[in-house]
Protein chains: 2
Amino acid sequence: MAFKTRAQYVADDLRQRILGGEFSGGTQLRQDALAKDYGVSRIPVREALLTLEAEGLVEFHAHRGAFTTELSVAKIRELFDLRVLVEGYVLERAIPRLTPADLAQAETILSDYDAALNAGHQIDHWSDFNFAFHRALYAPAELPEAMAMIAQLNTKSDRYIRMQLLYTRQIEKAEREHHALLDLARQGDAAGACQVLERHILDACEGIVAVLEHHLASQA
Amino acid sequence: MAFKTRAQYVADDLRQRILGGEFSGGTQLRQDALAKDYGVSRIPVREALLTLEAEGLVEFHAHRGAFTTELSVAKIRELFDLRVLVEGYVLERAIPRLTPADLAQAETILSDYDAALNAGHQIDHWSDFNFAFHRALYAPAELPEAMAMIAQLNTKSDRYIRMQLLYTRQIEKAEREHHALLDLARQGDAAGACQVLERHILDACEGIVAVLEHHLASQA
DNA sequence: ATCGGGACATTTGTACACAATATGCAAAAT
DNA sequence: ATTTTGCATATTGTGTACAAATGTCCCGAT
């Protein structure tokens, strides 16, 4: 795993740029420009774009190139509903199998980020922390395929989560919910934890939709 | 959509070959050999392999190449459990929105395949028919992201479904279940349909696991 | 004025050639 | 004898160059 091909490097960096909001939905990504940007040939760029296509961040049209995907409000709702469904399924199975070590790890991730929050604004890495925390809770279920699906759903919705965080200061709220989630997990209350998780995800969704609709309204 | 690049063509054909069982799990797919096979250069082959990697059919290791993935019994169970979860979710939402036209289309697909079954052994296209039928039932839910996930889960488990069909004559059973499913859908009985669907998927899973374990036992 | 058709330019898709890396074997050192 | 180091070879990864396809612009016809 130590070695990274140029294609992987470009894919990783480009993913960050897309998720960071550098390109608005529907932007064409010219292979030549990206190649010059990264100082590589177009081939690793193409391969990176293909990877991102599979992740749902860009779309290829034969002989017309790659475009960043545009998510509608309906699709965002759909993505978050699916997250509720799958993450709830996994969490329910993970909680009875949580060991003290698992809980300690989740605790550590959470307090580390609390500390980072107080130090400064780390929006860039919030997604990673968020996913790391959720992963720590889900891992004991030992459902790798489901985890892969969850990762995919998260990647697809990440761009919009960032947008929401930028406009509304909801990180603190999310952190409070994380603590509540951890407490319920510690008590082994699967039903309660799933309920909090559902609310956690759906609230984030509504926040994003609100921001997005406000944004669209102001553009029109 | 009319035009197909060579990369897409190779991806489609190679997917069929993998799903058809031509390569056992863990086989290395040499780019050079495939390129000569298809009469193209290695680049579209690489791109095809990247696509298949995203679909979970092969795995890339840097500088070592692509290998077909190997699914464990645990992963197969996980995949089918996820199918129950997601397909049930979609079906429940689709049934109240089913129009007579939707039902007619599903009916047509089903009777077309019944006819094909009587004519000869069409195992090659069973997956397509199967997916087409399920898609017809799910489509009215208008959940494209969920449909994409379902397609992905189906692709991953297809190889093993074929194996099961080859060893056990379960197509007829599946067809009977399809008819039952369609009847319940026609009556608007969402709960009943979901129950039949769950049984439909889990029975297939158990059949595959039985075949696989028998297979593994005879190898050892 | 509008619509249709054809040449041009831009961009993607692919072949070919080379560079970089992993693996296996052999030989040497401990 | 075991381990390690270096080399040979095969295979992947990438740069360069060319072919194919798409969209655009201009021109002429209706």
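Order of the sequence lines fixes the chain letters, A, B, ..., with proteins taken first and strands second; residue numbering starts at 1 for each chain. Hydrogens, waters and symmetry mates are skipped; everything else that's a heavy atom, side chains included, is used.
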Seminar exercise, completed: note: Gln28(A), atom CD; dT10(C), atom P; distance rounded to Å ~ 14 Å
For this session: Would you check if the side chain of Asp12(B) reaches a backbone N or O of Tyr9(B) as a donor-acceptor pair within less than 3.5 Å?
Result: no
For this session: Send over the distance from Lys36(A) NZ to dT11(C) P, rounded to a whole Å.
Result: 11 Å
For this session: Take Val40(A) and Leu29(B), find for each the nucleotide of DNA chain D with the closest heavy atom, and name the residue whose nucleotide sits nearer the 5' end.
Result: Leu29(B)
Exercise. Hey, does the side chain of Ser41(A) come within less than 4.0 Å of dT14(D)'s phosphate (OP1/OP2), counting only N and O?
Worked result: no
Exercise. OP1 or OP2 of dT11(C) less than 4.0 angstrom from a side-chain nitrogen or oxygen of Arg30(A), does that happen here?
Worked result: yes
Problem set entry | Nucleotide dG13(D), atom C1' - distance to CG of Leu49(B) in whole Å | 13 Å
Exercise. Rounded to whole angstroms, how far apart are CG on Asp32(B) and C1' on dA17(C)?
Worked result: 13 Å
Exercise. For Ala7(A), does its backbone N or O pair with a side-chain atom of Glu47(A) as donor and acceptor, under 3.5 Å?
Worked result: no
Exercise. Between dG15(D), dG13(C), dT11(D), which one does the side chain of Ile43(A) approach most closely?
Worked result: dG15(D)
Exercise. How do Pro44(B) and Ala62(B) order along DNA chain C: which one's closest nucleotide is nearer the 5' end?
Worked result: Pro44(B)
Seminar exercise, completed: Closest of dT11(C), dG13(C), dG15(D) to the Arg6(A) side chain is dG15(D)
For this session: Could you state the atom-to-atom distance from OH of Tyr9(B) to P of dT14(C) in whole Å?
Result: 14 Å
Exercise. Between His134(B) and His178(B), how do the two ring planes meet: parallel, tilted or perpendicular, split at 30° and 60°?
Worked result: perpendicular
For this session: Please report, rounded to the nearest Å, how far the P atom of dT22(D) is from the CZ atom of Phe67(A).
Result: 13 Å
Problem set entry | Spacing between Leu50(A) atom CG and dT12(C) atom C1', to the nearest angstrom | 12 Å
Exercise. With respect to the side chain of His63(A), which nucleotide from dT14(D), dG13(D), dT22(D) is positioned closest?
Worked result: dT22(D)
Exercise. Does a side-chain N or O from Gln31(A) land closer than 4.0 Å to OP1 or OP2 of dG13(C), or not?
Worked result: yes
For this session: Measure up the Phe129(B) and Tyr113(B) rings against each other and bin them: parallel (under 30°), tilted (30 to 60°), perpendicular (over 60°).
Result: tilted
For this session: Have a look at Arg42(A) and say if it touches a base, only the backbone sugar-phosphate, or nothing, with a 4.0 Å heavy-atom cut-off.
Result: base
Problem set entry | Distance in angstrom units between Lys4(A) NZ and dG13(D) C1', rounded | 16 Å
Seminar exercise, completed: Regarding the side chain of Arg64(A), the nearest nucleotide among dG15(D), dT14(C), dG23(D) is dG23(D)
Exercise. Do Glu198(A) side-chain atoms and Gly88(A) backbone N/O form a donor-acceptor pair below 3.5 Å?
Worked result: no
